[in-house]
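Have a look at the structure below, then the notes.
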Amino acid sequence: MEAQKPPQYILEVFADPTCVKDIVRGVLHTICFHRYFSPIRPSYLEILDFTLPVIPDPDVETLIDTRVGQLIRQLTSTSSPKSSIRGSLVVEFFEKRKKKGGGLGWFGKGDEEVCWESWCLEVTLATPKTEIERTKVTKAIGSTLQKTAMKIITIVNRDKEHIPPLTQSETNLFPFHIELNPRVEGWGRSIGIY
Amino acid sequence: MHQHPRPSPVSASPANSPRTNPTRTNNPREGETGGSRAGSDRSTLSEQANRAGEGSEGILRGEENTSDGKSSLFKLNQVVQNYFTKAALTILHARISLPPSYAKDSSTKRVNRWFNIEIDETDITRDDVRMWKSCDVVDRRPPPMIVETFLDTQDLTNNQSLVIVDDLGRRWDVEEALNKSPTVSIRGKCQPSRPEVVVERWVIQLGESSGEIPPPHKLRNILPHSYKDGIVFFRSLYAYLRLLPAWKFGKRWFKERSSPKTPKLKYRITAASQADEAHKRDSLSIPLFDSKDDVVETFDFEAVDCPAGPLSVRVTYRYHCDFRVDDSEAFLSSRFMGMDEDYFQPSLGRTQTEKQQGRGITARGTTEVGSLPSSRRGDPVPSDQGQAYGSMSTFHQVGPPAGTSPLSALRAARVAGSESPEDTMPKRAPPNTRSAQGSRSSLRSADGASGVGRRPSVSFMPFKSPSLSASPSQAEQMMASARGSLGKGSPLAALNEARNPSLSPYGSIPSRGSPIQGEQAVPSSMSGSPKPAPPTRISSSFGHRKSKLSTGGSSRTEDDTSSGKASINSSIAQPGSGVLAEVGGASSGSLQTDDDNISDFLKMLDQKKDLKSFRTSNDQAASEASTKRTSAALNKFQRMKDSNDALSNSMHSSLYLNRSSSSSSRQLSSVPPMVAGTSMSPASSPGKPISPHTPHTPTIPSRLSAESTIEYSQREQSQGSHRRLRPSTTDIEPESTNPRDPGTGAIDIPNSPRPFHPSYRRSSSAAHRPRTTAYYDDDLAPFSTRSASLGVEERPPPSLDALAGYQEGDAPEESAVAVPSVDNQESVFGPMFDASDRSTEQMDNENPTAFERREDAGSLRSRGVNWPRIGRASGRGPTPPHGSSSSLGDRGSGSGSSDQRGGRSSFTRPPSNFEDEEPLLFAMSDVTAAQQSRRSLEDGRGGFSGASHERGGDSGSSSRRGSRRGHY
């Protein structure tokens, strides 16, 4: 577990400027919903006639909204002549492990966070210019969102073995981070212990 | 592992409650009352609260109790038990509004916290899940739990239908689909009078374990893992539940609980054997409508490994879940229409066309379509619809044949009698149409078949003018129906047109009445032709009606007079009918084509609704009566014959007039070009065919004949044929018309012809058959002497005043005559007459002859009165008929029913004359209108009548406009 490279799932997200925020939020919430194992009273979002689960946790919502806002800003600031713009978000889930007493731990006996799963959202922003395009795009957005949600559910259901054991259910065992364009920013994490 | 050790202390806080767990553990021990436990547990708030947390907590930690082998096993049982119950709860929670259960003596909701997802607990399912709550993985392994969500039609009233809307917005009757399927019966236990529709089936089961249940100490380590998987599973279950089609359905229900439109989902939890499962699956997978998509889809959740065996969940669900509750009647109509919102005829028409074509429901659809607009709008009467449909289809199909046979003709007469074309419409839209038609129908009926019933309607004298308008209205209805269906489904129109050829059969029918029917026939033929096309689609109703009508009127008359004649007429008419049909189709097409037109039609319809209602009432009554009346109709016909004789006389005169009208018709033909633009072309096309026909009988007769067709036909048949021929031959002689005036609506027609010529032409070939005939004739005119003669004569009509006088004098006779024969004719002619009346009134004398006659008849006048209302509406409907009638008339004339022709011609003529005058106006107005559809139809029908009439009158103007538009 420890040494293995955590699985990364790639999700394609397709949206237009009018709904990109909701779409990305919905996908992020859906991912987190399946990885937030402490007891929750689930809620859900209505996005484009789709209902996506949400964890009514202020911290989670804040983090997601913040990252989505950053992504939107990046996408909209791009003066790309292309009809579509791309951006990406990576969601990583960590488990806290007691630093195994190996020799020189910088953090001494502190805990370390080990990523055990990551999700990469490849966001494609389409800017339809004609009614026909708009119709097509709207249709594509809906179907893409549906597929994405189903993909998440399928993956979550299928791959359970890599999920770290749950030692308790009172608090969220697995902190997560959302990175914007990780390659650009590098591997650093906002909170990561690194 | 990592899990238990450390956390336990942490969890301590929650654990506190959990520690009560021990008690629970005890419970298990106490008995495998697991089930009871669940229930009992829940009973206690504290317990429950604890439970959720406890169970999970304990399991995750491995709990201290784990040391106890029993406790481990107990926990395993708990996990399994709760897996079932929680799954059921989660599923139902996402589908149905579950009443929350409250903790004892408190207002605190009990919450199920198992698997770290909190969902309000409910007691409603307690009994259902008891079996699984008390299960034991060793001694009493739980059977698969089947949770089904379904729609029960038991709750629906008899007036409601459960329908499903497919991707194209088409509605399908669910019960019908289910009852068709043999598997339904399998459902067995509930084989209620009304079936249920399983929307989803969830199968939760504990698979066979791979071996012995591991010993406690191992179990202790495995359970947390299973529980964790359970958490993941329930999260995904929660999310997945909200992505399924049924969620949206349920969501809609939550939003629209008060709405009776949304059926309520029900559920049932059962333990099923494999066999049962198979059966149920069958029922679940019954296709409710034709679709390329799979009826159901299946999703398997990854099994949760559990020491007792894999816990798996599979869902099979219907992909299409857009269920609704519709008013049965509305649905019937809509279903044909294709759209529930059929109200929008345009869309409906299209949809219907599609559906019909695609499905072969066409007949119904067509009928419905036609009727639908009005009926749907108004109040679709199931029975009526059904009748209409059935009758319609049969009639339509039968119609032609019927037309062929006297009986059929009679039938047609019966049905059509009053309003065959419209009747169908009315039937469908019974109330409205009927009422409207009623007047018309009454008029028509009276005129046409059994004058009695109709005549009574005629009694609507007040309406008479209305009735007149009504007749137009009928025509309008016809138009509307035909147009609606056709127009909306321009494709339909095309189909109709295409069908028209096929219509020829119908055409024959029309032809029957063609001479007389001219107008009526026209409508009928028009309707028929268009209808024929519809028949496939929708028109069938019309076709029936039309055919019936035409047949009824003409056929009867003809029959009465002589089947041979009828046959002749029919033969002649057929070509004409074909033309007419084409015209109608064209008109309809044009109408259909133009949304504006449609909208106009709709408006017209709306306006006309009243009329329709009248018609419908009348029509219905008429139709019913007609059926019953066939015999009566015969009697009526006999009566009619009398009237017909009078009519024939008038017809003869009219014929003469017609001849003159023929000239006018020529003029008209020239006019048609106007129409040609939209409806004109159709008209013209018909005209062409007609032309051949026209030669025979002045198209004019058709109108007259149409209105008075029966009468004339009868008379004509007896006498009429000769007379007709004479008139036709003598058409040139206006004078003859005068004498004939009595009968003559035809004569009147002549008057009208003059005015009509222009109007007809302008109004649109379609407008009135007579007109069309005239036009056609005109078109043909070149071909046929008639047109020439007619044109000339008609124009002469300026003497119309005189003619009017004649007509007036004749009017009584004519009315009588016309009335009998006319119901159908009237309907067709009605507009004509109305228009003529109006025009006459307005015009003063131009159409007088016809009008006067009509007026004299009273029915005519009433018709005229109605006109204003109907005029427009009728104009729509009528026009096509007219066009057809005209063609028919031509045909008729051709066939030799000179009388009919004469009558029609006369009618047509008046319109033409008026039209001529009016046309300009119309032209102006017409251009603007979106009435294109109307144009074609109206033009044909209303246009002619209206135009001619209207120069002076509103209705006329409307019709005129339509015609003008058409022309333009």
Side-chain angles (χ1 to χ4, degrees), chain A residues 1-2 26-27 29-56 95-98 111 117 142-143 145-174, chain B residues 1-15 18 52-53 56-57 59-62 90 93-94 111 113-120 221 224-244 247-248 250-251 299-305 313:
Chain A
M1 294 177 64
E2 297 122 27
V27 173
H29 270 293
T30 303
I31 294 169
C32 292
F33 176 81
H34 290 93
R35 289 296 178 250
Y36 193 93
F37 296 112
S38 47
I40 55 164
R41 187 176 192 83
S43 181
Y44 49 82
L45 275 176
E46 296 286 348
I47 298 170
L48 296 181
D49 200 29
F50 291 100
T51 303
L52 299 175
V54 161
I55 296 174
E95 74 170 313
K96 294 174 186 170
R97 287 187 188 162
K98 297 259 181 179
D111 291 344
E117 184 179 80
S143 65
L145 180 60
Q146 165 110 20
K147 285 179 187 171
T148 302
M150 293 300 294
K151 186 175 181 182
I152 294 169
I153 291 172
T154 303
I155 290 170
V156 161
N157 248 284
R158 182 190 63 204
D159 300 341
K160 297 172 183 167
E161 294 305 315
H162 66 284
I163 301 172
L166 304 178
T167 55
Q168 53 88 17
S169 59
E170 286 311 303
T171 60
N172 184 27
L173 291 176
F174 308 126
Chain B
M1 322 269 288
H2 312 279
Q3 327 156 0
H4 345 260
R6 302 90 207 190
S8 58
V10 177
S11 60
S13 60
S56 60
E57 291 285 333
I59 292 168
L60 284 175
R61 300 174 210 150
T90 304
H93 184 74
V111 176
R113 295 190 172 83
W114 272 89
F115 301 102
N116 286 8
I117 191 165
E118 299 178 7
I119 295 176
D120 289 343
N221 294 333
H225 184 75
S226 295
Y227 191 77
K228 180 196 71 180
D229 285 356
I231 293 172
V232 174
F233 160 76
F234 277 101
R235 288 228 184 329
S236 61
L237 175 63
Y238 181 92
Y240 189 74
L241 273 165
R242 285 158 178 75
L243 290 174
L244 291 180
W247 167 257
K248 288 180 184 175
K251 202 166 61 176
F299 183 83
D300 286 300
F301 288 89
E302 202 70 22
V304 173
D305 285 328
V313 170

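First the proteins, then the strands, lettered A, B, ... as listed; each starts at 1.
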Inset, instruction - Say whether, by atom type as modelled, one donor and one acceptor occur between the side chain of His34(A) and the main chain of Thr30(A) under 3.5 angstrom. - result: yes
Inset, instruction - State the CZ-CD1 distance between Phe33(A) and Ile40(A), to the nearest 0.5 angstrom. - result: 4.5 Å
Legend entry - Interface moiety of Phe234(B) toward chain A, non-hydrogen atoms closer than 4.5 Å: neither
Legend entry - Contact leader toward chain B among Thr154(A), Val156(A), Ile153(A), where contacts are heavy-atom pairs under 4.5 Å: Ile153(A)
Legend entry - Arg35(A) side chain vs Glu117(A) backbone, donor-acceptor pair below 3.5 Å: no
Legend entry - From CA spacing to verdict: side-chain contact (heavy atoms from CB on, under 4.5 Å), Thr90(B), Leu241(B): CA-CA 8 Å; Thr90(B) 304; Leu241(B) 273 165; 3.6 Å; yes
Inset, instruction - Could you tell me which residues satisfy salt bridge (Lys or Arg N to Asp or Glu O under 4.0 Å) with Asp300(B), sequence neighbours excluded, listed by chain and number? - result: Arg314(B)
Inset, instruction - Count the heavy atoms belonging to other residues, nucleotides or ligands that lie under 6.0 Å from NZ of Lys96(A), then report whether that count exceeds 12. - result: no
Inset, instruction - Tell me, out of Arg235(B), Glu302(B), Arg242(B), who's got the most heavy-atom pairs with chain A below 4.5 Å. - result: Arg235(B)
Legend entry - Engaged part of Leu52(A) at the chain B interface, taking heavy atoms whose separation is under 4.5 Å: side chain
Legend entry - Contact origin within Tyr238(B) toward chain A - heavy atom pairs under 4.5 Å: side chain
Legend entry - Close contacts, residues 43-50 of chain A versus chain B, judged by heavy atoms under 4.5 Å: Ser43(A), Tyr44(A), Glu46(A), Asp49(A), Phe50(A)
Legend entry - Derivation of the salt bridge (Lys or Arg N to Asp or Glu O under 4.0 Å) call for Lys228(B) and Asp305(B): CA-CA 10 Å; Lys228(B) 180 196 71 180; Asp305(B) 285 328; over 6 Å; no
Inset, instruction - Output yes when a side-chain donor or acceptor of Asn116(B) lies under 3.5 Å from a complementary backbone atom of Ile231(B), and no otherwise. - result: no
